[in-house]
Amino acid sequence: MVENGTLTRLRPGWFALGAHDLRAATAVRDGGVLGCVSALQFHGLWVPPGHTALHLRRSPKMTGKNTACRPFQGPVRSTVDAVDSIPIALKYAAHCLESDEWIAVCDSYLNSTGESVEDLLAQMGAVGPTVRDLAYRTDPRAQSGTESITRVRLRAAHFTVVVQPRIAGIGWSDLRIGKLILECDSVLHHSSREDYERDHHRDRRALLDGWLTMRLTYDDILYDWPGTLADIRAITRADRHRARSVRDRAMVQRSLRESDHEGNMPSWSDF
């Protein structure tokens with residue numbers, strides 16, 4: 001089959017069919033398997049922009065020209081498949097992605113599979129305290145990578161952030177700080193006129209009911225976060241996000257009741 005071109009020999013014991021993944025084949029040729037960020041991309045998970053380099057993992061004693069990724073803690077696993085599973089890829093990607101990026105990818109995986117953090121950690125094998133801490137900062141309710149990154153960054157800045165609050169007359173929103181609603185648009189958002197019209201109707205209805213809405217674009221979050229954070233702080237520093245009136249406090253309390261999400265109950269500083 002090698003002679004007639006049906007198979008391509010990549011390295012001793014490893015072959016590829018004609019319709020094979022070129023990046024996986026490159027990793028195997030180089031003494032490893034496709035892993036880490038590259039494996040996450042192969043499996044179709046959302047990965048933040050800018051990660052174009054080849055990420056691979058090698059079995060012990062294997063060598064190659066590309067630098068192999070390593071986990072934070074634990075032994076380097078022997079390679080069996082040409083592409084690592086998602087849990088193993090995530091274990092290694094914790095070393096190559098920023099913390100907020102890694103959490104966003106995990107959010108996507110947990111949201112799409114319905115698995116728990118404990119399930120994911122068990123599939124990763126031995127992990128150290130760094131990965132375990134990051135894993136417990138994930139939230140499978142997140143609906144997009146930009147939403148996840150915004151949540152993680154705002155909490156790191158000491159904001160009390162409510163995830164996926166339900167707003168009367170509007171439905172589910174992405175994030176909330178007091179009565180400030182944050183909508184985190186993805187790169188594909190507003191792909192249709194119907195999306196555009198719906199979101200503007202939601203924003204107008206929210207404003208009439210007493211909510212403030214800030215709609216953040218993909219570029220706002222990923223390429224101009226300092227400016228975006230400054231705008232959010234301009235509102236919160238002036239306490240415009242706080243529910244001061246009886247009407248506003250009732251509005252926020254109703255959102256809490258209708259959201260009915262474990263872990264969404266904020267401290268009173270949220271009001």
Side-chain angles (χ1 to χ4, degrees), residues 20-58 62 64-74 76-77 79 81-113 117 120-121 123-125 127-128 130-135 137-140 142-156 184-189 216-229:
H20 60 267
D21 185 86
L22 295 179
R23 286 168 66 82
T26 300
V28 171
R29 279 197 183 95
D30 204 29
V33 298
L34 196 68
C36 194
V37 177
S38 296
L40 297 174
Q41 293 168 330
F42 175 89
H43 289 296
L45 290 184
W46 181 85
V47 174
H51 298 281
T52 58
L54 178 68
H55 292 254
L56 59 85
R57 183 176 60 81
R58 290 193 185 91
M62 293 294 291
K65 64 179 182 179
N66 291 290
T67 302
C69 301
R70 298 185 63 84
F72 269 111
Q73 183 174 328
V76 177
R77 299 166 58 100
T79 55
D81 299 312
V83 182
D84 274 338
S85 66
I86 292 176
I88 298 305
L90 283 169
K91 176 178 178 177
Y92 281 75
H95 219 186
C96 294
L97 293 174
E98 297 294 333
S99 296
D100 52 3
E101 295 177 332
W102 189 88
I103 291 170
V105 178
C106 282
D107 283 355
S108 173
Y109 175 67
L110 297 175
N111 179 281
S112 62
T113 62
V117 173
L120 176 60
L121 288 171
Q123 294 171 54
M124 286 183 183
V127 296
T130 299
V131 174
R132 188 170 294 275
D133 173 68
L134 290 175
R137 291 165 59 191
T138 60
D139 194 318
Q143 299 297 304
S144 70
T146 49
E147 177 193 328
S148 296
I149 288 177
T150 301
R151 178 192 81 242
V152 173
R153 291 177 177 176
L154 287 175
R155 286 180 174 169
C184 306
D185 297 343
S186 69
V187 71
L188 297 178
H189 199 75
L216 307 180
T217 69
Y218 184 86
D219 287 357
D220 289 337
I221 298 166
L222 295 179
Y223 299 114
D224 186 29
W225 179 250
T228 300
L229 180 59

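Note that this is a predicted model, so its numbers are computed, not measured.
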Next on the checklist: Taking salt bridge (charged side-chain N to carboxylate O under 4.0 Å, His left out) as the definition, give me every residue that meets it alongside R153, ordered by chain and number, with sequence neighbours left out.
Outcome noted: D100

Quick one: pull up [atom1] in [X] and [atom2] in [Y] and give me the separation to the nearest 0.5 Å.
| X | Y | atom1 | atom2 | value |
| --- | --- | --- | --- | --- |
| H55 | T67 | NE2 | OG1 | 10.5 Å |
| L216 | T150 | CG | OG1 | 5.5 Å |
| Y92 | S38 | OH | OG | 14.5 Å |
| C184 | Q143 | SG | CD | 11.5 Å |
| N66 | R29 | CG | CZ | 12.5 Å |
| C106 | R137 | SG | CZ | 11.5 Å |

Expected output: side-chain [X] to main-chain [Y] donor-acceptor under 3.5 Å:
| X | Y | answer |
| --- | --- | --- |
| D107 | D139 | yes |
| Q123 | S85 | no |
| S108 | L45 | no |

When you compare the side chain of [Y] with that of [X], does any pair of heavy atoms fall below 4.5 Å?
| X | Y | result |
| --- | --- | --- |
| T146 | D185 | no |
| R57 | I88 | yes |
| I103 | R151 | yes |
| D224 | D219 | no |

Item to check | Side-chain donor-acceptor contact under 3.5 Å, Q41 with H51 | outcome: no

Checklist outcome for this item: Residues at least two apart in sequence or cross-chain that pass side-chain hydrogen bond (donor to acceptor under 3.5 Å, both in side chains) with H20, listed by chain then number, are none

Item to check | Residues forming a side-chain hydrogen bond (donor to acceptor under 3.5 Å, both in side chains) with T138, sequence neighbours excluded | outcome: none

Next on the checklist: Under the criterion side chain to side chain contact (heavy atoms under 4.5 Å, CB included), I'd like the reasoning laid out for D21 against V83: C-alpha separation, chi angles, the key distance, then a yes or no.
Outcome noted: CA-CA 10 Å; D21 185 86; V83 182; 5.9 Å; no

Smallest separation among heavy atoms of [X] and [Y], with atom names:
| X | Y | result |
| --- | --- | --- |
| L34 | L54 | CD1-CD1, 3.6 Å |
| P140 | N111 | O-ND2, 2.7 Å |
| L134 | W102 | CB-CZ3, 3.5 Å |
| V105 | V47 | CG2-CA, 4.4 Å |
| R58 | G31 | CG-O, 3.4 Å |
| W46 | A104 | CZ3-CB, 3.8 Å |

Checklist entry - Are D84 and K91 within salt-bridge range, i.e. N to O under 4.0 Å? => result no

Item to check | F42 six-ring face occupied by R23 cation (under 6.0 Å, within 45°) | outcome: no

